[in-house]
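Taking it in order: structure first as structure tokens, then the write-up.
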Amino acid sequence: MASSLNVLSQPCHPTILPSFTCCSSSSNTNNINIPSSNNFKLHFSSSKLSHFLTHSSKSGSGNSWLQHGFNSTNTTGINEYRQGPLCSVFPTKPAQVSSVQDLFEFICSGPLLEKIGVTAEMVAESIDKWLLYGRLLSQLFQLNELYLTVPQKARIYHYYIPVFLWCEDQIKQHRSTFKNEEDIPPLVIGFSAPQGCGKTTLVFALDYLFQKTGRKSATISIDDFYLTAEGQGKLREANPGNALLEFRGNAGSHDLPLSVETLTALSKLTREGMKIKPPRYDKSAFNGRGDRADPSTWPEVEGPLTVVLFEGWMLGFKPLPTEVVKAVDPQLETVNKNLEGYYDAWDKFIKSWIVIKIKDPSCVYQWRLQAEIAMREAGKPGMSDDEVRDFVSRYLPAYNAYLPTLYLEGPNGSDPKHLLTIEIDEGRNPILAT
């Protein structure tokens with residue numbers, strides 16, 4: 001049980017949190033000063049926000065925004081919902097309980113609102129949804145909803161909820177292109193992000209919100225398409241001396257036909273009663289070398305699906321000229337050649353993209369080390385520091401070669417109108433793009 005409590009445990013140290021003044025319960029609710037970074041005042045005509053603010057002011061001091069507007073929320077099955085614990089570290093020092101007005105100002109100070117096309121007026125109109133989503137995520141991650149730390153609030157209200165709203169908008173646009181009588185395939189949203197940056201936890205949160213708001217969703221990772229242990233052995237034998245293909249990870253170590261079969265099947269789950277079992281991978285098999293999990297353990301996914309959340313560290317990577325990759329690492333030449341088959345196996349299925357951008361790939365080592373330490377502390381097998389260093393070193397050449405193009409041009413085959421790029425800091429929190 002202890003390990004399941006750490007599911008949201010990414011270290012958070014927001015670097016861009018505009019200063020704002022917490023208003024007392026007696027404050028005038030007709031005009032609210034948004035944080036100085038937004039540099040404006042908003043006159044409220046929104047009946048929804050006015051209702052929450054008025055209710056809060058009549059209740060006296062010490063009331064939480066989480067105490068208003070929700071009589072009950074079904075929390076049954078949260079533990080059963082989890083596919084497995086995520087291990088890392090999250091600050092737990094309590095912060096003061098906020099009012100609705102404080103929360104509104106905090107939301108409006110977030111770095112993603114402008115990127116997703118959400119204005120302060122839109123936040124005011126939909127404040128009840130923000131409250132609901134915030135409460136659901138607090139329950140999912142077993143956080144005290146009355147005493148969220150600033151990092152926890154930032155992770156929920158500056159990151160997870162804005163991304164969820166963007167995904168909802170992408171789904172709306174996708175579905176609008178089909179006629180009423182047509183079967184609508186699920187929208188496949190790709191998440192390209194380095195290892196350890198929190199993408200799995202982000203997808204976990206989004207999947208939960210989709211389920212709780214009545215949409216059927218499925219999650220898949222590029223890890224699920226790794227070659228079997230036997231296939232990895234053959235790959236290693238075919239590339240003697242190439243450290244980048246000695247173990248799973250780089251292009252060439254995935255079962256591309258299985259990828260096409262799975263993504264095609266998921267895209268056809270448009271009606272009730274249609275079911276498939278997407279594959280899963282067991283990283284602990286063969287002393288950590290890994291193997292495809294027994295099919296009896298694969299989860300069942302039932303239609304009609306609305307959205308598929310597909311995540312991976314190298315999604316959207318484009319093959320580069322041979323001389324470019326050889327200048328980074330000569331061993332990348334074979335990996336680069338292998339990458340030519342990945343667009344048809346993965347990227348062409350993805351219609352909307354989220355790219356999580358980092359400034360320095362060396363962060364991956366520190367993030368991975370934190371995760372392994374947390375796993376060891378939870379009593380689970382974890383790599384030593386030297387093993388982590390060796391593990392990450394096999395990915396860094398690909399990061400150094402392919403990330404610049406990914407960040408400059410977007411993922412392979414992506415449409416800029418359906419691309420959200422999120423730059424994060426070393427604490428895994430979104431920051432304002434420079």
Side-chain angles (χ1 to χ4, degrees), residues 190-197 199 221-223 225-227 231-260 310-350 353-368 388-416 418-424 433-434:
F191 295 77
S192 182
Q195 298 146 308
C197 74
K199 64 181 178 298
S221 168
I222 66 172
D223 294 357
F225 301 132
Y226 279 134
L227 294 170
Q232 288 179 47
K234 292 179 179 178
L235 178 68
R236 188 162 46 249
E237 292 172 4
N239 297 274
N242 191 329
L244 304 185
L245 295 172
E246 184 177 359
F247 303 115
R248 67 179 187 268
N250 283 290
S253 65
H254 302 90
D255 187 333
L256 298 188
L258 178 64
S259 304
V260 173
F310 183 22
E311 56 102 346
W313 72 274
M314 54 172 283
L315 275 182
F317 282 11
K318 302 176 184 179
L320 298 173
T322 301
E323 60 272 16
V324 173
V325 297
K326 288 180 69 175
V328 175
D329 187 325
Q331 299 178 106
L332 271 177
E333 183 176 3
T334 304
V335 172
N336 192 61
K337 183 67 176 177
N338 294 336
L339 193 58
E340 293 175 0
Y342 278 67
Y343 173 80
D344 286 333
W346 292 353
D347 300 340
K348 77 173 185 180
F349 290 93
I350 299 171
W353 286 88
I354 292 175
V355 173
I356 300 177
K357 179 180 179 181
I358 60 174
K359 289 185 177 181
D360 185 357
S362 64
C363 290
V364 173
Y365 168 73
Q366 193 60 37
W367 290 335
R368 185 74 192 191
V388 170
R389 188 175 291 103
D390 176 70
F391 176 82
V392 173
S393 71
R394 300 172 191 270
Y395 293 86
L396 284 178
Y399 284 133
N400 291 326
Y402 299 112
L403 285 183
T405 302
L406 177 73
Y407 296 158
L408 181 64
E409 301 177 2
N412 202 358
S414 63
D415 181 344
H418 302 287
L419 169 63
L420 176 64
T421 300
I422 303 170
E423 186 170 346
I424 63 171
T434 55

* Would you please test Y402 and N336 for side chain to side chain contact (heavy atoms under 4.5 Å, CB included) and show each step? => CA-CA 10 Å; Y402 299 112; N336 192 61; 2.8 Å; yes
* Within a strict 4.5 Å, meaning less than it, do heavy atoms of the L227 and R248 side chains meet? -> no
* To do: State which residue, out of V325, N242, N250, fulfils the side chain to side chain contact (heavy atoms under 4.5 Å, CB included) condition with Q331.
  => N242
* Mind listing the closest non-hydrogen atom pair of A401 and L332 along with its distance? => CB-CD1, 3.7 Å
* Asked: Just how far is it from atom CG of L419 to atom OG of S414, taken to the nearest 0.5 Å?
  -> 5.0 Å
* To do: Look at the aromatic rings of F391 and Y395 and report parallel, tilted or perpendicular, splitting at 30° and 60°.
  => tilted
* **Note, L244 side chain near P397 side chain (heavy atom, < 4.5 Å)** => yes
* **Backbone N/O of K318 and side chain of Y342: donor-acceptor pair under 3.5 Å** => no
* For P194 and Y407, work out which heavy atoms get closest and say how close. => CG-OH, 4.4 Å
* Under the side chain to side chain contact (heavy atoms under 4.5 Å, CB included) rule, what do I422 and F191 come out as? Steps first, then yes or no, please. => CA-CA 11 Å; I422 303 170; F191 295 77; over 6 Å; no
* Side-chain contact, heavy-atom cut-off 4.5 Å: W367 with Q195? -> no
* Go through the steps to decide whether L245 and V335 satisfy the test side chain to side chain contact (heavy atoms under 4.5 Å, CB included), and finish with yes or no. => CA-CA 8 Å; L245 295 172; V335 172; 4.1 Å; yes
* To do: Enter the distance from L256:CG to F225:CZ here, rounded to the nearest 0.5 Å.
  => 10.0 Å
* Spacing of OG belonging to S221 relative to OH belonging to Y226, to within rounding of 0.5 Å -> 7.5 Å
* To do: Answer whether the closest heavy-atom distance between the side chains of L315 and W353 falls below 4.5 Å.
  => yes
* Asked: Should L403 and F317 count as side-chain neighbours, where that means a heavy-atom distance under 4.5 Å?
  -> yes
* Asked: Heavy-atom distance under 4.5 Å between the side chains of P257 and V260, does that happen here?
  -> no
* Test side chain to side chain contact (heavy atoms under 4.5 Å, CB included) applied to F310 and I222, step by step -> CA-CA 8 Å; F310 183 22; I222 66 172; 3.7 Å; yes
